[in-house]
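Right, one structure below, let's go through it.
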Amino acid sequence: MISESYNPQLIEAEAQSYWEKHRSFTTCEEPGRDKFYCLCMFPYPSGRLHMGHVRNYTIGDVIARHQRMLGKNVLQPMGWDAFGLPAENAAMACGVAPSKWTYDNIAYMKKQLQSLGLAIDWDRELATCKREYYRWNQWLFLRMLERGIIYLKTGLVNWDPVDQTVLANEQVIDGRGWRTGAIVEKKEIPMYYMAITRYAEELLDELEQLSGWSEQVKLMQKHWIGKSHGVRIGFPYQLPSTVPGVVEIDLSGILWVFTTRADTLLGVTYIAVSAEHPLALYAANSNSELANFIKECRRGGVTEVELTTQDKKGMPTGFTVYHPITNESLPLWVANYVLMGYGEGAVMAVPAHDERDFSFAQQFGLPIKPVIHTCASDETPVVWQDIYSEHGVCVNSGKYDGLDFDRAVDAITADLISKGLGEKKVTWRLRDWGISRQRYWGTPIPIIHCQKCGAIPVPDEQLPVVLPQHLIPDGSGNPLDKHNEFLNCACPKCSNPARRETDTMDTFVDSSWYFLRYSAPDADKILDKRVDYWMPVDQYIGGIEHAILHLLYARFCTKFMRDLGLIKISEPFTNLLTQGMVLNHIFFRKGEKSGINYYRTDDIKISHDVHGKIASVIDVSDDLPVEYGGIGTMSKSRKNGVDPQTLIKKFGADTARLFIMFAAPPEQDLEWSDAGLSGAYRFLRRIWIYAAEHQDAIRTASVLNTNILTEPLKAVRYEIHNALRQALLDFNRYRFNTVIAGGMKILNSLGKMEYSSDASNSLRREGLSMLLRLLSPIIPHITHKIWRELGYGKDVLDAAWPEPDEAALEKTLVTMVVQVNGKLRGKIEVPAGTEIEVIKKAAQDAPNVNQFIQGRSVLKTIVVPGKLINLVC
RNA sequence: GCUGGUGUGGUGGAAUGGUAUACACACAGGACUUAAAAUUCUGCGCCGCUAGCCCGGCUUGUGGGUUCGAGUCCCACCACCAGCACCA
């Protein structure tokens with residue numbers, strides 16, 4: 001019996017314990033049955049669920065439940081991306097060990113997830129900070145090392161000179177260390193790298209086959225991988241000997257640069273190298289001003305944003321190099337806009353056809369020589385225009401004049417090759433993946449340093465290298481460096497005392513293969529044959545912010561594991577849904593000294609102007625103004641998050657799920673507002689009350705006999721089936737907001753039947769059954785309860801997915817709109833299947849249409865069958 | 001700076017190149033109530049008039065273009081969001 005009032009707390013607890021008791025979501029391999037692996041990106045256990053999680057996991061749950069109703073064997077697992085920086089930050093702030101903090105958070109967040117009613121197989125839960133998981137990171141590392149996929153080289157990091165520690169990019173604020181306020185420096189340290197570039201070609205090519213990925217994400221990855229065809233060009237040099245210094249170098253040699261614009265070679269007016277380039281360092285031996293400049297270039301962080309937006313600075317080395325074609329002397333400069341990590345760490349500068357070279361040349365009075373005829377003119381540029389960098393025909397280039405881009409590149413390259421000063425080369429923007437982190441809370445890198453034998457890999461039988469659980473970082477570097485129990489070990493080769501590597505792995509390693517481990521979470525090897533049943537992931541769902549790094553690393557690791565023979569597939573994710581971000585307004589005040597204080601929405605008062613825009617914001621505690629920082633992703637640090645827990649507590653999980661799915665389509669960013677929340681709750685209550693009111697009639701109703709339907713009931717049935725038809729289409733394209741709108745339309749139509757009769761009761765029974773099944777993936781608790789109580793079946797989870805009755809959708813009369821010259825002027829009703837000529841005539845005779853065609857002749861009539869007639873005159 | 005997106009009523013949003021504003025929220029008015037809440041009914045882009053229940057004009061960030069027809073396709077611009085390799 002359904003009670004009169006809707007009590008979500010009660011029915012949600014009941015449904016959840018039913019699922020638990022029946023082990024409804026426990027999954028096992030069923031060879032021969034179609035499987036569907038539905039996976040959401042696993043969360044970082046930050047402490048509490050946020051709205052982005054609710055959105056992500058609701059979308060995944062809706063898809064999983066839908067596939068189940070279509071008859072698939074659905075796997076939806078969940079786990080924890082449990083290593084990472086926030087645990088160390090929490091440790092510093094509260095003195096609690098990262099492990100305790102992390103496990104407490106996992107316990108709490110698991111409860112929160114369970115209260116959302118997600119159809120998750122919790123038997124497969126994993127956490128990357130557990131030794132049973134991260135030991136396989138170490139195992140993979142060793143396999144990569146054996147195959148040369150892991151190698152050692154130096155890399156640039158942010159260095160805090162006061163704390164003597166490496167900082168993450170987010171710990172650098174305005175070029176200063178977050179705790180010390182010291183100006184951050186770039187520092188080169190040795191790191192282990194994964195050679196993802198070995199797979200660059202395959203990672204690029206296979207993007208094309210990923211038909212289940214959006215073009216947007218594929219394009220982002222394509223540009224990230226950044227294949228470019230170009231030429232490596234050598235500029236010979238003969239250097240004067242300088243005073244002996246730190247850097248020694250061959251006095252005659254060749255400086256190599258990479259360019260995609262070899263056609264502009266005759267327009268080169270200077271060469272620029274990065275501050276870390278050997279030639280720059282050599283020049284600094286005898287030039288203290290230059291040495292200072294190079295030192296100054298070390299200031300600031302290592303992010304691409306910082307490097308590419310800094311003011312252009314440069315200084316001549318005093319050296320020259322020779323142009324490989326003309327033998328002309330070209331000045332050699334050090335410039336901060338040239339990056340050592342990309343290409344050769346040196347560029348040939350063509351100020352007339354490259355914007356960065358142009359502004360640098362202008363700033364330092366270097367010559368600008370146009371060599372390409374562009375649409376602009378052949379004049380020397382004074383103010384930069386983008387067309388200067390277009391392809392064109394060579395001018396001022398001697399024997400190459402008149403050649404177009406392709407021919408000029410070919411001719412110039414051929415000449416360079418004959419001199420030994422050039423080669424065609426493909427380069428990639430993609431760089432190898434540095435995985436070493438100077439941090440405690442991560443997977444220990446399984447290497448042992450022996451004074452005699454060097455860096456020795458830990459043998460497989462000694463895995464895992466266990467991370468001590470109780471350490472508490474204090475901000476002054478990695479506590480593993482001071483932990484003798486961990487540090488001291490025996491060299492696996494010579495058994496002498498040795499020292500463990502204390503760097504840990506980037507947490508992206510953890511998340512690059514966890515989706516495989518879900519198939520065999522209890523295996524005593526990395527994977528077993530169950531992986532072949534479940535993989536690939538049929539639907540992967542996660543935030544758009546992971547469109548590049550995580551997804552690229554996961555694709556790379558999948559390919560590597562295929563090459564190891566562990567799996568048969570090359571691509572892990574058949575279909576990818578990238579949900580938009582959940583955004584909210586940001587409010588802040590600049591702090592006294594530095595930094596920014598953010599305000600929670602509860603602590604401020606906002607007034608709007610007549611247009612609804614924010615006019616002023618004040619802090620309720622002191623009535624003084626607070627600045628409005630626009631809109632941005634919900635984050636703890638900006639204090640603009642909305643806690644889903646209060647929402648669930650107040651309205652129930654179904655309301656939370658319904659509201660967030662109704663607010664916007666999944667791929668779109670969602671600007672938070674509680675405005676629609678009560679509407680979602682109201683809709684659920686209306687469903688409940690409808691079911692309660694008609695429960696006896698529906699329970700006893702007979703199967704619908706369409707012959708006894710009256711005309712008004714036929715019209716209602718048309719509305720219901722038509723809304724269902726559209727909603728099903730929307731479901732297939734994951735437009736859940738319009739699916740819900742369709743459900744609302746069905747309920748509105750059901751509500752139109754005022755009188756009780758055999759026919760109307762049967763129609764109620766049919767319509768409500770469709771509504772319940774259609775929305776059960778989105779609002780599983782309320783539909784579970786009503787489905788059972790009204791005697792539709794045992795479990796809506798396994799009910800058949802609804803289908804509209806084609807007969808209900810047949811119309812005898814069709815409404816068509818009539819346009820004159822594209823403007824709406826009237827409507828006509830014609831019997832279905834009316835001949836086109838008759839329709840045209842009817843359109844011209846339609847009321848109100850006549851006045852617009854009077855006195856003119858209809859030149860053309862366009863008829864869109866069943867929809868529209870456009871009279872052109 | 002580079003790369004990828006987004007922009008529609010007071011608000012969230014809807015619309016295979018074919019009726020712009022579905023479905024909701026908010027708001028206003030009516031009913032119910034001693035009252036309020038809840039519920040329910042009606043109205044709701046802007047402007048105009050000859051006020052039509054099939055009136056007319058304008059309207060999808062701005063300015064152009066393609067088309068019988070553009071929110072949708074193309075070009076330019078503006079604003080906002082995300083990513084940029086050590087946040088995850």
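Scope of the values below: all heavy atoms of this structure, side chains included, with no hydrogens, waters or symmetry mates. Computed from a predicted model, the values in this text were never measured in an experiment. A, B, ... follow the sequence lines: proteins, then strands. Residue 1 opens every chain.
Distance from the side chain of A:V817 is smallest for B:U19 among the nucleotides B:U19, B:C86, B:G12. Minimum atom distance to the side chain of A:Q216 is reached by B:G5, of the listed B:C87, B:C68, B:G5. When distances run from any side-chain atom of A:H223 to the nucleotides B:G18, B:G12, B:U3, the shortest one goes to B:U3.
With both ends at atom C1', the span from B:G12 to B:U16 equals 24 Å, rounded to whole Å.
Ring planes of A:H546 and A:H550: perpendicular class, angle over 60° (limits at 30 and 60°).
With rounding to the nearest 0.5 angstrom, the CH2 atom of A:W80 is 11.0 Å from the SG atom of A:C129.
Cation-pi geometry between A:K153 and A:Y193 is met: the NZ or CZ atom falls under 6.0 Å from the ring centre, inside 45° of the normal. The cationic group of A:R356 does not satisfy the cation-pi geometry with A:Y337, failing either the under 6.0 Å distance to the six-membered ring centre or the 45° limit from the ring axis.
Here A:L430 lies in heavy-atom contact (under 4.0 Å) with a base. Counting non-hydrogen atoms under 4.0 angstrom, A:L868 reaches a base of the nucleic acid. Using a 4.0 Å heavy-atom cutoff across all strands shown, A:Q310 reaches no nucleic acid atom at all.
Looking at A:T309, its side chain has no donor and acceptor atom pair within 3.5 Å of the base of B:G1.
In this entry the base of B:G9 is syn relative to its sugar, with a glycosidic angle within 90° of 0.
Checked against a 6.0 Å centroid threshold, the rings of A:F731 and A:F736 count as neighbours. For A:Y134 and A:F83, the ring centers sit closer than 6.0 Å to each other.
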For RNA chain B, the dot-bracket notation using Watson-Crick and G-U wobble pairs below 3.5 Å, [ ] for pseudoknot-type crossings and | for other-strand pairs, is (((((((..(((.....[....))).(((((.......))))).((((......))))..(((((..]....))))))))))))....
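As rounded to whole Å, 13 Å separates atom P of B:G1 from atom CD of A:E304. Computed from coordinates, the A:N169 CG to B:G83 P distance equals 13 Å when rounded to whole Å.
Close to B:C54, at under 4.0 Å from its OP1 or OP2, lies no side-chain N or O of A:R825. At the phosphate of B:C2, neither OP1 nor OP2 sits under 4.0 Å from any side-chain N or O atom of A:R429.
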In B/S/- notation (B base, S sugar-phosphate only, - none; protein heavy atoms under 4.0 Å), nucleotides 22-32 of chain B written 5' to 3' is BBSSS------
query = After noting the C-alpha distance and the side-chain angles of A:Y514 and A:Y133, does the key distance pass the ring pair (Phe, Tyr, Trp, His ring centres under 6.0 Å) rule?
reply = CA-CA 9 Å; A:Y514 75 105; A:Y133 185 84; 7.9 Å; no
